[in-house]
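Scroll down for the structure; my scribbles are underneath it.
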Amino acid sequence: MTVERAAPLVLASRGQLDLEATLDGGQAFGWYREGEAYRGVLGREVVVLRHTARGIVAESPYGTLPPSIEDQLTRYLDLTACAFGFDAFRARYLRDECLGYALREWPGLRLLRQDPWECLVAFLTSATSNIPRIKLNIGSLVRALGDRVGPGVQDFAFPAPDRIAAAGEAELRRLGFGFRAKYIASAAEAAVSGQLALQPLETMPYQQARNELTRLDGVGEKIADCVLAFSLHHHEAFPIDRWTRRALEAWYSMPASFNPSDAARWARDRFGADAAYVQQYLFHRQRLSARTRAATDRSALAQQDG
DNA sequence: TGGAAGCCTGGTGT
DNA sequence: AACACCAGGCTTC
């Protein structure tokens with residue numbers, strides 16, 4: 001007896017997409033490493049992405065993927081070359097002292113186009129937090145309130161606003177969101193009531209879309225810019241956090257006296273439509289160099305001890 | 001109008 | 001091993 005297997009879906013070459021940098025680099029929090037592959041849920045489909053000799057391949061871990069998944073993944077991973085013109089972006093910054101290094105080191109780092117609701121909840125969760133903890137919170141949320149769509153421990157669809165609104169602040173607190181519970185519950189209510197419509201923000205001018213988002217409780221300029229850059233394809237957004245601020249000061253002589261709002265404006269003025277991609281490369285570089293420094297410090301200490 | 005405290009709680013280093 | 005201190009912000013005062 002033979003089991004029919006659909007031909008694997010080949011999405012991109014290795015150089016076009018770095019799974020680790022893109023899926024586990026602070027944009028999205030629902031992907032889990034399985035050996036060399038990444039497993040996550042897109043809509044209601046469990047998807048496993050892995051590097052193979054032929055390129056990046058998408059598979060279902062237990063069945064077959066519907067044909068529509070190709071378009072969904074192409075969009076989610078922003079693989080439509082003409083959409084942004086990544087090659088042109090790379091050419092512009094290849095000789096930049098800071099970004100040139102990052103572009104050579106992580107040529108496959110891309111900005112995602114996530115579901116905006118999922119992205120908004122993730123970045124409301126990110127306030128005064130860190131990547132491992134955000135993943136933990138989002139994992140608890142989907143297990144508690146999302147529909148099961150596969151056999152794996154994390155195979156749950158992201159809960160729609162009505163589910164989260166019905167759960168309410170107290171349940172979100174119980175799930176570990178702390179003071180952010182109130183903001184997430186309130187955003188869910190706004191979405192259910194129709195006061196908040198996220199998808200239309202994609203076609204609005206950047207500033208207008210940003211103003212809409214910052215009207216939400218708990219959404220300031222940083223979180224708004226993350227949602228705009230990582231889900232709504234507004235590449236003129238430049239989220240300012242510790243890492244990117246540090247990079248702008250160190251490599252681009254941005255005055256350290258700037259407040260976050262001025263820093264973001266300064267970066268948008270300087271990088272224009274490249275802002276979001278510049279931000280993501282700077283963030284990645286700063287984060288990993290900090291990690292390397294920490295490792296170096298640890299090994300130096302170990303040497304002293306020994 | 002700017003600046004600083006407080007918020008929840010898991011991660012990280014000591 | 002326990003125990004500070006910190007973390008990819010925002011609201012409020």
Side-chain angles (χ1 to χ4, degrees), chain A residues 21-31 109 111-112 114 118-141 144 168-187 190 210-231 237-250 255-265 267 275-305:
Chain A
T22 303
L23 299 178
D24 212 7
Q27 293 186 70
F29 305 94
W31 292 94
L109 171 58
L111 287 175
L112 296 171
Q114 301 178 68
E118 184 169 346
C119 192
L120 174 62
V121 173
F123 283 94
L124 277 167
T125 304
S126 77
T128 321
S129 193
N130 50 63
I131 292 175
R133 187 176 170 204
I134 300 164
K135 281 186 89 156
L136 196 73
N137 289 151
I138 296 299
S140 309
L141 180 73
E169 176 183 347
E171 173 69 358
L172 292 169
R173 278 190 178 265
R174 198 188 63 75
L175 290 170
F177 286 86
F179 65 90
R180 310 160 192 88
K182 182 173 51 170
Y183 303 142
I184 294 167
S186 145
R210 194 180 197 236
N211 290 341
E212 288 296 312
L213 285 170
T214 51
R215 282 169 51 197
L216 294 168
D217 233 21
V219 179
E221 297 182 357
K222 156 67 166 64
I223 291 176
D225 279 335
C226 287
V227 175
L228 291 168
F230 304 148
S231 72
F238 196 110
I240 290 287
D241 54 48
R242 305 176 144 61
W243 301 99
T244 48
R245 163 181 284 280
R246 236 172 270 169
L248 291 174
E249 291 169 7
S257 59
F258 278 10
N259 65 32
S261 187
D262 291 337
R265 186 168 22 246
Y277 257 101
V278 168
Q279 183 275 162
Q280 199 55 20
Y281 270 87
L282 293 184
F283 176 70
H284 203 76
R285 181 179 175 155
Q286 286 297 112
R287 219 181 122 234
L288 292 196
S289 65
R291 191 177 290 176
T292 308
R293 261 201 308 282
T296 312
D297 292 349
R298 275 196 297 280
S299 74
L301 281 171
Q303 295 244 316
Q304 282 175 18
D305 290 351

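Letters A, B, ... mirror the listed sequences (proteins, then strands); counts begin at 1.
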Nearest non-hydrogen partners of A:Phe238 and A:Leu282, listed with the distance: CZ-CD1, 4.1 Å

Strand DNA chain C as a dot-bracket string - pairs counted if Watson-Crick or G-U with both distances under 3.5 Å, | where the partner lies in another strand: .||||||.|||||

Rounded distance in Å - CZ (A:Arg210) to P (C:dC10): 10 Å

N-O pairing of A:Glu249 and A:Arg246 below 4.0 Å: no

Among B:dG11, C:dG9, C:dG8, the one nearest A:Pro132 by side-chain distance: B:dG11

Sugar-phosphate only, base, or nothing, as touched by A:Phe283 at under 4.0 Å among non-hydrogen atoms: base

Length of the line joining A:Asp24:CG and C:dG8:P, which is rounded to integer Å: 14 Å

Sugar-phosphate, base or nothing in reach of A:Arg173, heavy atoms under 4.0 Å: sugar-phosphate

Strictly under 3.5 Å: I want the nitrogen or oxygen pairs between protein and nucleotides 11-13 of chain C, one per line.
unit_1	atom_1	unit_2	atom_2	d
C:dT11	OP1	A:Gly218	N	3.1

Shortest side-chain distance from A:Leu136, nucleotide among B:dG10, C:dG9, C:dG8: B:dG10

Toward the 5' end of DNA chain B, by each residue's nearest nucleotide, A:Asn130 or A:Phe179: A:Phe179

No-hydrogen, no-angle side-chain donor-acceptor test under 3.5 Å, A:Asp241 and A:Thr244: yes

Geometric class of the A:Phe123/A:Phe230 ring pair [parallel <30°, tilted 30-60°, perpendicular >60°]: tilted

Sugar-phosphate only, base, or nothing, as touched by A:Arg242 at under 4.0 Å among non-hydrogen atoms: sugar-phosphate

P-based separation of B:dC8 from C:dC13 [nearest Å]: 14 Å

Check: C:dG9 base within 3.5 Å donor-acceptor of A:Thr128 side chain: yes

